[in-house]
Amino acid sequence: TCHAFVGETVVLPCSTSPPGELTLSKSLLYWQIGTEKLVHFFQNGQDSLEGQDKKFQGRTSLFIDQMKYGNFSLKISNVQLWDNAEYSCIYRQTESHQTKKSTIKLEVSAPPRIEEPPTPSEQNQIPSGSPTNVPCLAMLLLSFLLLVPLGLCHL
């Protein structure tokens, strides 16, 4: 299982341990969800993305320079909540018809919320019906809190 937050880039690992270099021109690599949703397809030594699910267009890539050594990991950029799924990595050699498959689950979470401080206009609003000297009291208290520590430093 891999975890990612919305907007992040995630790498779904998939690898095979061949005895030597793989012949990519005689290989097929599918990344898919279920049996119908094509996430990424690689054949004849290059990406073949015509049938790629539209939600993944422009967001997926493979590590082409590392594929011949068995690294079939998929990089998904700008992860979205709908990317939350179980992915299958399917590698097939066209000559030997040997197929290898692995699955990995991607769990996507909304980014952690950062509480923002109220804007200055919200801080300065006086509740209706309150006395007009409330801001003065607040300023007096603030001045007192600032002056006490300053005064202690000079002792």
Side-chain angles (χ1 to χ4, degrees), residues 1-130 134-135 138-139 141-142 145-146 149-150:
T1 302
C2 282
H3 301 273
F5 288 113
V6 170
E8 288 184 336
T9 296
V10 68
V11 175
L12 302 181
C14 180
S15 62
T16 186
S17 48
E21 287 188 19
L22 299 172
T23 308
L24 295 180
S25 61
K26 297 176 182 172
S27 302
L28 299 174
L29 177 65
Y30 297 85
W31 272 96
Q32 61 189 35
I33 298 171
T35 56
E36 296 178 13
K37 193 177 281 192
L38 184 64
V39 178
H40 201 99
F41 181 49
F42 182 90
Q43 71 174 349
N44 301 324
Q46 61 187 7
D47 288 331
S48 180
L49 303 177
E50 295 83 34
Q52 184 182 40
D53 187 280
K54 295 198 182 327
K55 289 182 178 180
F56 291 96
Q57 286 182 346
R59 299 193 303 123
T60 63
S61 62
L62 301 169
F63 298 90
I64 305 291
D65 57 330
Q66 297 174 26
M67 286 181 65
K68 64 183 175 184
Y69 304 112
N71 182 357
F72 304 135
S73 300
L74 177 72
K75 182 164 80 170
I76 304 175
S77 304
N78 191 20
V79 171
Q80 299 299 312
L81 284 173
W82 62 70
D83 294 339
N84 195 75
E86 186 170 277
Y87 292 76
S88 296
C89 170
I90 303 163
Y91 171 72
R92 187 169 153 217
Q93 291 179 320
T94 52
E95 288 179 326
S96 65
H97 300 289
Q98 182 182 8
T99 302
K100 296 179 181 180
K101 179 180 177 179
S102 68
T103 58
I104 186 159
K105 185 165 176 44
L106 174 60
E107 292 181 356
V108 181
S109 307
R113 273 183 55 107
I114 299 171
E115 291 295 324
E116 298 203 14
T119 60
S121 61
E122 291 171 347
Q123 289 174 338
N124 295 337
Q125 289 178 352
I126 302 170
S128 60
S130 61
V134 171
M139 281 304 279
L141 181 62
L142 182 63
L145 289 172
L146 290 173
L150 290 173

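Using modelled atom types, one side-chain atom of Thr94 and one backbone atom of Lys26 make a donor-acceptor pair closer than 3.5 Å.
Here OG1 of Thr103 is found 11.0 Å from CG of Leu12. Values are rounded to the nearest 0.5 Å. Summarising the geometry, atom OG1 belonging to Thr16 is positioned 3.0 Å from atom NZ belonging to Lys100; distances are rounded to the nearest 0.5 Å. With rounding to the nearest 0.5 Å, the separation of CG in Leu38 from CH2 in Trp31 is 12.5 Å. Atom NZ in Lys68 sits 10.5 Å away from atom OG1 in Thr23 (nearest 0.5 Å). From Lys37, atom NZ reaches atom OG of Ser88 across 13.0 Å, with rounding to the nearest 0.5 Å. Considering CG of Leu22 and OG of Ser27, their distance stands at 6.0 Å, rounded to 0.5 Å.
Of the options Val108, Thr9, Val10, a side chain to side chain contact (heavy atoms under 4.5 Å, CB included) to Ile76 is made by Val10 and by none of the others.
Counting heavy atoms from C-beta on, the side chains of Ser102 and Phe72 never come closer than 4.5 Å. Proximity of Pro13 to Ile104: side-chain heavy atoms (C-beta onward) are separated by under 4.5 Å at one or more points. Residues His40 and Asp47 form a side-chain contact, since some pair of their non-hydrogen atoms from C-beta on lies under 4.5 Å apart.
Looking at Gln46 and Asn44, their side chains never bring a donor and an acceptor atom within 3.5 Å of each other.
Sorted by first and then second residue, the pairs that involve residues 77-86 and meet salt bridge (Lys or Arg N to Asp or Glu O under 4.0 Å), not counting sequence neighbours, are Arg59-Asp83.
A pairwise comparison of heavy atoms in Val6 and Ala110 identifies CG2-CA, 4.1 Å as the closest pair. Nearest approach of Ser109 to Leu81, heavy atoms of both residues: C-CD2, 4.1 Å.
Residues that satisfy the ring-ring contact (aromatic ring centres under 6.0 Å, His included) test with Tyr87, not counting sequence neighbours, are absent from this structure. Residues passing the ring-ring contact (aromatic ring centres under 6.0 Å, His included) test with Tyr30 are Phe41, sequence neighbours excluded. Annotation: side-chain hydrogen bond (donor to acceptor under 3.5 Å, both in side chains) contacts of Glu107 (sequence neighbours excluded): His3. Remark: Asn84 engages no residue in a side-chain hydrogen bond (donor to acceptor under 3.5 Å, both in side chains) (not counting sequence neighbours).
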Which atom pairs, donor and acceptor, lie under 3.5 Å between side-chain atoms of residues 49-58 and protein residues at least two apart or in another chain?
unit_1 : atom_1 : unit_2 : atom_2 : d
Glu50  : OE1    : Ser48  : OG     : 2.9
Gln52  : NE2    : Val39  : O      : 2.6
Gln52  : NE2    : Thr60  : OG1    : 2.8
Asp53  : OD1    : Lys55  : N      : 2.9

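For Lys105, the NZ atom sits in a packed shell: over 12 heavy atoms of surrounding residues, nucleotides or ligands are nearer than 6.0 Å.
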task = Give the intermediate values and the outcome of side-chain contact (heavy atoms from CB on, under 4.5 Å) for residues Leu62 and Leu74.
result = CA-CA 5 Å; Leu62 301 169; Leu74 177 72; 3.9 Å; yes

